**Q** 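Shown below is the structure under consideration.
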Number of protein chains: 2
Amino acid sequence: MQRLSYQRQAILNLINTSNHHWDAEEISRTLSDQGESVGIATVYRGLAALESAGLIESIQLDNKKRYERANKAHHDHLICESCGSIKEFIHPEIEQLQQNICTDNQFSMNGHQLLIFGTCNTCRQNKGVSL
Amino acid sequence: MQRLSYQRQAILNLINTSNHHWDAEEISRTLSDQGESVGIATVYRGLAALESAGLIESIQLDNKKRYERANKAHHDHLICESCGSIKEFIHPEIEQLQQNICTDNQFSMNGHQLLIFGTCNTCRQNKGVSL
DNA sequence: CCTGATAGTGATAATGATTATCATTTGCAT
DNA sequence: ATGCAAATGATAATCATTATCACTATCAGG
Ligand SMILES: [Mn+2]
Ligand SMILES: [Mn+2]
Ligand SMILES: [Zn+2]
Ligand SMILES: [Zn+2]
């Protein structure tokens, strides 16, 4: 990425001023609503460029990629299959155990992704189901 | 799934007699090579049916779903980004810590997926790079 | 200030994985 | 044998993403 164009700045601002995990289409639509419409192909290219520059991060969720701010500590995700909400958690012990697994398997880690699927507290209460 | 049709049986046999993580197209092509060709739509439907019956399991890898035998203990995956090989590991302590996270967050887990990306030993040696 | 060179844009076509449609076939139950 | 729902397979459609290509913006020299 040689230039942080107006469009890419808009994408970055949107992501950086939220705690949302955005997909490309959401970003396109939101920018459009804000009157600063950016072509969908430009959104995809911008997201890829911003990610490889380390300015944003992504998770692969189901069959679509979602982007979030990079300026927070590494974390993993709890995903509610009922409402789609995403909650973050940090667990240094698990991170360390993952390193151990890689050592044991002579595997050099580049990254990892831990997704926990289930039902969030709010959704469970709405259905009147106990833990 | 009311009937385990000839086609679904063929898919299930293929998966159950291997340790491979299959995608739909691989299954279609392999069955075709074995002379028991099954339509690609039927492969997709069969995989979904077999999975919801608990006879096979899947992981979402990048943008495609891969299926494997269900008759082995729960495990997670090390994925080599260089050669695409998938190695399995079992780590009860991590499993337990995940449960703890869910309890802490009042989240009821339905499942999880831990993918570790990196470079396997073979690929690293081929490049002459040390750990 | 011009002038290239080139990165970036946006409309749109193309791709790849998956799902939907629909006419036809299969497997049972009456 | 008849009826009927489930399953199949060819194919169209969908959805996310990438490729193409003509055009625009930016910037370094001259
Ligand atoms: Mn996050
Ligand atoms: Mn496996
Ligand atoms: Zn929820
Ligand atoms: Zn490898």
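For clarity, every value in this text was computed on a predicted model and none was experimentally measured. Order of the sequence lines fixes the chain letters, A, B, ..., with proteins taken first and strands second; residue numbering starts at 1 for each chain.
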**Q** Short question: side chain of S52(A), backbone of A49(A) - any donor-acceptor pair under 3.5 Å?
**A** yes
**Q** Please determine if a side-chain N or O atom of S5(B) lies less than 4.0 Å away from the OP1 or OP2 oxygen of dT8(D).
**A** yes
**Q** Can you tell me the distance, in whole Å, between the CG atom of D23(A) and the P atom of dT18(D)?
**A** 13 Å
**Q** Does a side chain donor of either E57(A) or H74(A) reach within less than 3.5 Å of an acceptor in the other side chain?
**A** no
**Q** Is it true that the side chains of T42(B) and Q7(B) contain a donor and an acceptor less than 3.5 Å apart?
**A** no
**Q** Strictly by modelled atom types, are H91(B) and Q96(B) linked by a side-chain donor-acceptor pair under 3.5 Å?
**A** no
**Q** To the nearest Å, give me how far apart CG (D62(A)) and P (dC15(D)) are.
**A** 14 Å
**Q** Would you mind reading off the distance between W22(A) atom CH2 and dA16(D) atom P, rounded to a whole angstrom?
**A** 16 Å
**Q** For DNA chain D, whose closest nucleotide is more 5', that of R8(B) or that of R66(A)?
**A** R8(B)
**Q** Find the distance K64(B):NZ to dA16(D):P and express it as a whole number of Å.
**A** 18 Å
**Q** Categorize E25(A) for me: base, sugar-phosphate, or nothing, with a 4.0 angstrom heavy-atom threshold over every strand shown.
**A** nothing
**Q** 5' to 3' on DNA chain C, which nucleotides open and close the contacts with chain B (atom under 4.0 Å from a heavy atom)?
**A** dA17(C) to dG27(C)
**Q** With a 3.5 Å distance limit and no angle check, can you tell me whether Q113(A) reaches the backbone of Q60(A) through a side-chain donor-acceptor pair?
**A** yes
**Q** dA16(D) P sits how many Å from L61(A) CG, rounded?
**A** 13 Å
**Q** Using modelled atom types only, decide if a donor and an acceptor are shared between the side chain of T17(A) and the backbone of N13(A) within a distance under 3.5 Å.
**A** yes
**Q** How many Å lie between CZ on R3(A) and P on dA25(D), as a whole number?
**A** 12 Å
**Q** Hey, are H77(B) and E68(B) close enough side-chain-wise for a donor-acceptor pair under 3.5 Å?
**A** yes
**Q** Looking at DNA chain D, which of residues 29-48 of chain B put a heavy atom within less than 4.0 Å of it?
**A** V38(B), G39(B), A41(B), T42(B), R45(B)
**Q** When you compare the side chain of Q98(A) with that of I94(B), does any pair of heavy atoms fall below 4.5 Å?
**A** yes
**Q** Are the side chain of D23(B) and the backbone of E25(B) linked by a donor-acceptor contact shorter than 3.5 Å?
**A** yes
